[in-house]
There are 2 protein chains.
Amino acid sequence: MVSSRRIADVAAEAGVSQTTVSHALSGRRPVAPATRARIMDAVERLDYRPDRLATSLRMQRTQTLALIVPDIANPYYPASARALLDGVNDVGFMTLITNTDGDPEGERAALQEMVARRVDGIVMHSLATTTADVRRIVGPDLPVVVVGGLTGHTETDLVVTADSVGLGEAVKYLHDRGVRDLGFVDGPEGNGMYRLVAFLGAANALGMNVQDEWVAHTPFTREGGFAAAMSLLHGDRRPAAIMCANDLIAIGVMDAARALGISIPRDLAVIGFDDIETAALVTPQLTTITNPASLTGATCAELLLERIGRGAAAPYMTRILPTSLVLRESA
Amino acid sequence: MVSSRRIADVAAEAGVSQTTVSHALSGRRPVAPATRARIMDAVERLDYRPDRLATSLRMQRTQTLALIVPDIANPYYPASARALLDGVNDVGFMTLITNTDGDPEGERAALQEMVARRVDGIVMHSLATTTADVRRIVGPDLPVVVVGGLTGHTETDLVVTADSVGLGEAVKYLHDRGVRDLGFVDGPEGNGMYRLVAFLGAANALGMNVQDEWVAHTPFTREGGFAAAMSLLHGDRRPAAIMCANDLIAIGVMDAARALGISIPRDLAVIGFDDIETAALVTPQLTTITNPASLTGATCAELLLERIGRGAAAPYMTRILPTSLVLRESA
DNA sequence: CCACGAACACAAACCGATTTGCAAAGGAGC
DNA sequence: GCTCCTTTGCAAATCGGTTTGTGTTCGTGG
């Protein structure tokens, strides 16, 4: 109630030394039951709560994690963030969240700031930074989970979705329905382009026709998808289907089709990526590829806690999460 | 790169005292340009970055804020959070985010934890705690902005939306269209029920017929809305319109109507609250009341920074943000 | 040649906790 | 009644910075 109490106040109130209070609270050394009771009583009376700052400085751990995302307002991230927060709150961690807008410089700055704040671990949804870059910035010992990087050689723990599986399913589905002319609207250039690459691989494997002007880059937003599709659909020959790097882009593409009087899915099939909640609510309902956001967040929490428990020496871990095609109305 | 450097290392590298390094970096005392250059050089070479923990402990400010929300995965909050984060990042603040699920005990625990972590300020979307409770928990001096509490006597800074304005518009709109029988699906009982109260006020003023069994409480989710509507629409006499405490509930209500073969808006009008992005994408498009999420977050940032600048003595501030009816297809 | 100011070093206090080495008190065993 | 051990408490060092008071050195102007 009054100004915040220090451990010395508690010691005075209980008539013991600071040391004894600390030991009573942490249990690192035995304290007589009667003494402990007096101390607890004083703690209660003074409404004492240890300063986590001082504790952190002394213990060299902050019980704090960092979550670095491109944009928390992008509907994919909140679900993932929620699962992460739930997973780590149980063991007393709080989480600092920051946005980078996918900007490499922003990602670097965010990492440095988090290091300076001595977080115990970082979860990063990286678009523009490799795990090697990350490791170089944060130093060799800090637990880091990168979401969505490249598998294979990695210098952080990794959670990836098997995008190529879902994308392959989707391309095959379109192929089976007779589609041959395919477009793809990717995120901004230099975002890693994993999905574009996986898409092109699958499309090539089935001999699909993907013309260069049917591949566009745009921000991961509804507006971005709209703009990209408007120019992409204006050529004299247009693709029979457009796949997108996320659902918001796909919704924007559907906006554009509507604006141009193109019927979905009859004249144009549209497939998104992520399966955000909205995907099932739009008209027509969006056919998309599930990207298990909540599972991703929970897996990050698991990996990070395991890493914190095992130390930096243990080999890096990679978890691959499944994706799959969800058929609805847009394709 | 190597393990993290301390200020003493920089002092040694530059051949000056620790004191001079600190002064050079903070500018609190003059340092000769040549010396400063040597120091900056050493900082660069060693990749030194001051330990924010130690600085925070000494300076008694953490450059950290807390954002306490019921559920970051609820689509209303991310937009608000993003605006808040943007507003305070510019001045070097990072933000701890935590979820309470609207649980009073969770809200109390979150507040206490944030106080123990010595955050410089708190933004709380409160459902179950009064500003007086908050003030008692955090002590008299900590800057706090509560979103969505009761205006009038308050013990924190306050950002509220003028819910009654939008609700009044909506009720009047329905009245003008000849609707007399009205229902309301509110959030969980004990959530403050500001919207229910405002709704009832507006409905009474126009002589609407709001039967007790047409008012329900349910979680702020799609599933909650569905369940509430299923039982609400089962009576032998049902309302001609249902208004809801948020859009997710409203979407659930529409699910229920569809399941029961009730046509919207012909047989039942549905009006939501918040105008989340999805509202414009569902079918039929949801008529709802705008709740300017992004503006709310930005306003919280402003208020908090102003409060931090002015100190605890300045009188509490209240900002009232506009809401208004957005006509779409569901009513 | 002296006075004065600027630049900087040095040592120490401080923020608020944890942890260690050491000493005192108390009980058990003989 | 004495020794030995266990239990418990105290003082001080520590985490890594910031800040202050004092002292030293150097350069400049009178």
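Within every chain, numbering begins at 1; the chains are lettered A, B, ... in the order of the sequence lines, protein sequences first and strands thereafter.
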With a 4.0 Å limit, can you tell me whether B/S22 has a side-chain N or O closer than that to the phosphate oxygens OP1/OP2 of D/dT18? yes
Is there a donor and acceptor pair closer than 3.5 Å between the side chain of A/R29 and the base of C/dG21? yes
From CA spacing to verdict: side-chain contact (heavy atoms from CB on, under 4.5 Å), B/N89, B/M94: CA-CA 6 Å; B/N89 269 24; B/M94 291 268 112; 4.1 Å; yes
Round to the nearest Å and state the distance from B/R117 atom CZ to C/dG16 atom C1'. 16 Å
Looking for any heavy atom pair under 4.0 Å, which part of the strands does A/G15 touch: base, sugar-phosphate only, or nothing? nothing
Is there any salt bridge (Lys or Arg N to Asp or Glu O under 4.0 Å) pair reaching into residues 26-42 of chain A, and which pairs are they, with sequence neighbours excluded? A/D41-A/R45
Examine C/dA7: is either OP1 or OP2 under 4.0 Å from a nitrogen or oxygen in the side chain of B/T20? Give yes or no. no
Report the distance from atom CE of B/M59 to atom P of D/dT20, rounded to the nearest whole Å. 11 Å
Over all strands shown, is B/I7 touching base, sugar-phosphate only, or nothing at heavy-atom distances under 4.0 angstrom? sugar-phosphate
Take the protein atom CD of A/Q60 and the nucleotide atom C1' of C/dT19, then report the distance between them rounded to whole Å. 14 Å
Would you compute the distance between atom CG of B/L65 and atom CG of B/L305 and round it to the nearest 0.5 angstrom? 7.0 Å
A/A54 side-chain proximity, nearest of D/dT8, C/dA17, C/dA9: C/dA17
The nucleotide from D/dT8, D/dC15, D/dG17 with an atom nearest the side chain of B/R6 is D/dG17
Give one of base, sugar-phosphate or nothing for A/S56, where a contact means two heavy atoms less than 4.0 Å apart. nothing
For D/dC10, does OP1 or OP2 lie under 4.0 Å from any side-chain N or O of A/S17? yes
Value in whole Å for how far the P atom of D/dT19 lies from CD of B/Q18: 13 Å
Starting at the 5' end of DNA chain D and moving along, which residue's nearest nucleotide shows up first, B/H23 or B/A8? B/A8
Is it true that A/T64 and A/R52 share a donor-acceptor pair across their side chains at a distance under 3.5 Å? no
Do B/R49 side-chain and D/dG17 base share a donor-acceptor contact under 3.5 Å? no
Do A/T100 and A/D103 get their side chains close enough for a donor-acceptor pair, meaning under 3.5 Å? no
Any side-chain N or O of A/Y48 less than 4.0 Å from the OP1 or OP2 oxygen of C/dA17? yes
A/D120/A/R307 salt bridge by N-O under 4.0 Å criterion: no
Within 6.0 Å of CZ in A/R6, more than 12 heavy atoms from elsewhere: no
Quick test: give all pairs of protein nitrogen or oxygen and nucleotides 11-14 of chain C nitrogen or oxygen below 3.5 Å, distance rounded to 0.1 Å.
{"from": "C/dA11", "atom 1": "N6", "to": "B/T19", "atom 2": "OG1", "distance (Å)": "3.1"}
{"from": "C/dC14", "atom 1": "O2", "to": "B/R58", "atom 2": "NH1", "distance (Å)": "2.9"}

Separation of C/dT18 P from A/R52 CZ (nearest whole Å): 11 Å
Counting just side-chain N and O atoms, does A/R28 come under 4.0 Å of either OP1 or OP2 of C/dT19? yes
Can you check the B/L25 CG to D/dG16 P distance for me, whole Å? 17 Å
Should A/E13 and A/R5 count as an ion pair when the cut-off is N to O under 4.0 Å? no
Between P on C/dG16 and CG on A/D9, what's the gap in Å once rounded to a whole number? 9 Å
